[in-house]
Amino acid sequence: MDVSTILDPLNDAQRQAVCAASGNVLVLAGAGSGKTRVLVHRIAWLMSAENVSPYGIVAVTFTNKAAAEMRGRIERLLGIPPSGMWVGTFHGIAHRLLRAHYKEAGLSQNFQVMDSEDQLRALRRVIRDMGLDDAKWPAREAQHFINARKDEGLRPQHLEHQHDPFLKHMIAIYTQYDSYCQRTGVVDFAELLLRNHELWLQHPEILQHYQRRFKHLLIDEFQDTNALQYAWVRLLAGKTAAVFAVGDDDQSIYGWRGARVENILQFNQDFAQASSFRLEQNYRSTGNILNAANAVIANNSGRLGKTLWTAGKTGEPIRLYSAFNEQDEAQFVVDRIAEWVEQGGTRQECAVLYRSNAQSRVLEEILIRHGMPYRVYGGLRFFERQEIKDALAYLRLLSHPDDDASFERIINLPPRGIGTRSVDAVRELARGGGISLWRALHHSIEHQQLAARAVESLKQFANHMARMHAAIKALSLHEQIEQVIHDSGLIAHYEKEKGERGRTRIENLQELISAGRAFSEAPPPTDSDQPVDPLAMFLSHAALEAGERQGDEWEDCVQLMTLHSAKGLEFKQVFLCGLEEGLFPHKLSASDASKLEEERRLCYVGMTRAMECLTLSHAEKRRLYGEETFARPSRFIREIPVEFLQEVRLRGSVSLALPSQPLPAQNETGLRLGQRVLHAKFGEGVVLNYEGQGRHARVQVNFSREGCKWLVMEYANLKQL
DNA sequence: CTCGATGAGTTTTTT
DNA sequence: ACTCATCGAG
């Protein structure tokens with residue numbers, strides 16, 4: 001392949017990164033600077049200029065979408081599918097490895113992957129079985145605790161309770177939960193990675209095999225890696241593989257779920273002789289948008305420091321609208337979109353971004369009133385739907401009878417006269433004998449300790465499952481699914497559900513059959529020498545790749561989504577709504593400087609989604625949790641220099657008469673956000689916010705001892721540290 | 001088993 | 001204000 005095809009479309013900085021001498025490379029790539037492009041071209045470069053076999057390359061991403069996108073772009077660039085190369089998510093790759101080495105990893109051959117909902121149900125079960133009060137020990141909390149520990153690579157035996165009763169319980173639940181998973185042959189998301197990591201540590205020969213094979217590791221969105229993922233990369237890379245990591249510290253918005261930006265800083269120390277490159281030329285946004293975004297993010301401390309620039313147009317100023325309330329705000333946004341469409345734009349070029357999902361409702365109402373089609377991202381995905389999970393539970397139980405969670409889900413669905421009493425009896429038997437519910441079911445039928453009618457129902461269920469098991473044995477995957485959906489009685493069950501809902505449920509179940517057919521036509525690659533059961537693979541696929549959000553993609557729709565889900569996307573028109581203190585930055589992040597910085601990065605991410613036009617809005621009054629709340633405009637608004645802003649005023653009169661009103665000046669307090677200060681009485685603290693000017697200026701300081709306080713500058717007498 | 005009352009929680013989300 | 005899960009009564 002001609003290298004000019006690879007290098008010609010790149011700018012200097014990109015080309016330098018792509019052609020960097022073989023070794024560890026860190027690319028700091030600002031928003032819209034061609035991050036994925038560099039990754040893809042690097043792979044092509046390795047293959048053509050350095051003669052690296054695709055067999056020796058792994059490329060890791062966070063989402064299935066990103067992995068699919070990358071695979072597609074590699075294929076387009078090379079002209080052939082990159083067979084032999086591993087391109088996938090951390091979890092997808094870990095899953096593939098565990099399937100190949102399930103024995104050494106201590107898993108059963110048909111082990112199943114649990115999604116978060118399954119995990120929560122499992123934890124509820126475990127907590128109840130431990131005889132704990134589930135009101136006092138909420139499963140959610142345990143779920144967070146366990147996932148966070150696993151993401152740090154920690155097992156219960158690594159944890160110390162330090163005589164803290166809370167920790168003591170959490171560790172006990174963690175222990176019980178692990179043994180529940182082991183017993184029933186299920187693995188949660190974090191477990192995939194942790195198990196894989198442990199597999200490598202305990203079986204150096206397996207690790208060596210992969211270290212010898214994979215000479216090049218490429219990692220996307222490196223700022224989002226958590227401690228375990230980082231350790232996983234280090235282990236796989238060993239001393240010899242070359243790691244090519246791409247990320248942007250300014251776009252780290254997942255700290256709250258364990259992502260560690262520090263991994264970027266750590267890179268140069270942990271990966272020998274790493275060279276780093278910066279991509280700062282932006283190809284997406286206008287000059288005004290970039291300058292404004294740069295100004296906002298400049299308020300964060302501890303950045304690696306990048307300044308985006310563009311060779312493109314300055315563009316229009318950023319529009320700012322102060323709405324009276326959230327209806328007014330939504331009305332404004334929808335009117336601007338309507339204008340855009342009138343002038344020949346499309347709706348799908350417009351994105352309305354907000355901090356929290358609850359904000360979509362008012363926007364939707366107004367959009368509906370205008371008859372303007374829209375699409376809300378987020379919400380349930382295909383494989384997460386109730387009816388789909390019901391059908392999958394049948395399939396899982398047939399594929400893996402020890403899967404207690406699936407057993408519990410369908411034992412009385414559709415209702416078949418097996419109530420809590422009977423299930424409790426089966427559960428008791430299972431616990432006493434240390435066996436699965438499925439096996440306990442047969443015992444309880446034989447022992448006849450239950451009422452005759454209950455035993456009869458149990459017997460019928462057991463026979464029913466056995467019949468289905470025999471019936472689907474020789475069938476192809478989609479026939480198996482079809483058979484089970486009908487035989488299980490789920491169709492009949494959901495037909496009874498009245499209205500639209502029942503009908504869509506049935507449609508979804510039909511869709512599941514098609515999903516099965518599509519899956520058998522394009523099965524994922526495997527490495528196991530043993531024959532793999534297509535059903536087991538399909539079930540893992542369903543858990544690992546929950547499928548698309550809602551459809552309607554073909555229609556020209558306005559795009560509604562949270563700032564988090566907008567990461568990685570771009571739109572000509574971006575509307576950033578609800579820029580109010582308390583909402584964005586969110587009040588739950590208000591008392592912690594590092595959380596505030598994450599909010600600011602979120603704002604930066606949102607702003608840099610815009611290509612041509614960015615519109616900001618805030619409402620003076622908003623109904624929140626059923627209460628009218630008044631909020632000041634977000635600090636992020638006044639962090640934008642006024643020369644890039646234009647206030648939009650409606651209702652005719654004022655708009656032309658007054659020049660755009662300057663917003664509260666940049667910083668009248670002489671203090672920097674994040675600045676450490678000393679107060680005579682409250683001690684040391686960090687400046688979080690300020691408002692007003694001159695004598696009336698007030699600052700918000702988070703004191704390490706006294707917590708958050710607003711102080712009047714004139715009297716506070718703060719000393720800078 | 002289904003229905004309605006009651007109470008808790010309500011930032012962001014992928015795998 | 002609204003959703004969602006759980007629980008007791010019919």
Using a 4.0 Å heavy-atom cut-off across all strands, classify A/L588 as base, sugar-phosphate, or nothing. base
Non-neighbouring partners of A/Y210 that pass ring-ring contact (aromatic ring centres under 6.0 Å, His included), sequence neighbours left out: A/H101
Would you say B/dT13 has OP1 or OP2 under 4.0 Å from some side-chain N or O of A/N357? yes
Over all strands shown, is A/Y254 touching base, sugar-phosphate only, or nothing at heavy-atom distances under 4.0 angstrom? sugar-phosphate
Could you check how far CG of A/D151 sits from P of B/dT15, rounded to whole Å? 14 Å
Does OP1 or OP2 of B/dT14 have a side-chain N or O of A/T89 closer than 4.0 Å? no
The criterion is side-chain hydrogen bond (donor to acceptor under 3.5 Å, both in side chains); which residues satisfy it with A/T184, sequence neighbours excluded? none
Is the phosphate of B/dT15, meaning OP1 or OP2, less than 4.0 Å from a side-chain N or O of A/N64? yes
Check: A/H400 ring centre within less than 6.0 Å of A/F111 ring centre: no
In whole angstrom, what separates A/Q359's CD from B/dT12's P? 9 Å
Would you say whether A/H586 stacks on B/dT11? The test is a distance between ring centres of less than 5.5 Å and an angle between planes of less than 30°. yes
Whole-Å distance between B/dT15 C1' and A/R257 CZ? 8 Å
At under 4.0 Å, does any side-chain N or O of A/R381 touch on OP1 or OP2 of B/dT13? no
Where along residues 405-417 of chain A does a heavy atom fall under 4.0 Å from DNA chain B? A/N412, A/P415
Spacing of A/E221 atom CD and A/F90 atom CZ [to the nearest 0.5 Å]: 11.0 Å
Rounded distance in Å - CG (A/L583) to P (B/dT12): 10 Å
Residue-level proximity of residues 619-631 of chain A to DNA chain C when a heavy atom falls under 4.0 Å: A/R623, A/Y625, A/G626
Contacts under 3.5 angstrom, residues 226-237 of chain A side chains, donor-acceptor by atom type, not counting sequence neighbours:
{"from": "A/N226", "atom 1": "OD1", "to": "A/L228", "atom 2": "N", "distance (Å)": "3.0"}
{"from": "A/N226", "atom 1": "OD1", "to": "A/Q229", "atom 2": "N", "distance (Å)": "2.8"}
{"from": "A/Q229", "atom 1": "OE1", "to": "A/N226", "atom 2": "N", "distance (Å)": "2.8"}
{"from": "A/Y230", "atom 1": "OH", "to": "A/D270", "atom 2": "OD2", "distance (Å)": "2.8"}
{"from": "A/W232", "atom 1": "NE1", "to": "A/N196", "atom 2": "OD1", "distance (Å)": "2.9"}
{"from": "A/R234", "atom 1": "NH1", "to": "A/D270", "atom 2": "OD2", "distance (Å)": "3.4"}

Any donor-acceptor pair under 3.5 Å joining the side chain of A/S116 to the base of B/dT15? yes
Taking atom C1' of B/dT11 as reference, at what distance in whole Å does atom CZ of A/R140 sit? 13 Å
Atom-pair distance (CG on A/N196; P on B/dT15), nearest Å: 18 Å
Going 5' to 3' through nucleotides 2-10 of chain C, assign each nucleotide B (protein heavy atom under 4.0 Å from a base atom), S (under 4.0 Å only from sugar-phosphate atoms) or - (no protein heavy atom that close). S---S----
Spacing of NE2 belonging to A/H169 relative to CD belonging to A/E141, to within rounding of 0.5 Å: 12.0 Å
How would you label the contact of A/D115 with the nucleic acid (heavy atoms, under 4.0 Å): base, sugar-phosphate, or nothing? nothing
Can you say whether the rings of A/Y254 and A/W256 are parallel (under 30°), tilted (30 to 60°) or perpendicular (over 60°)? tilted
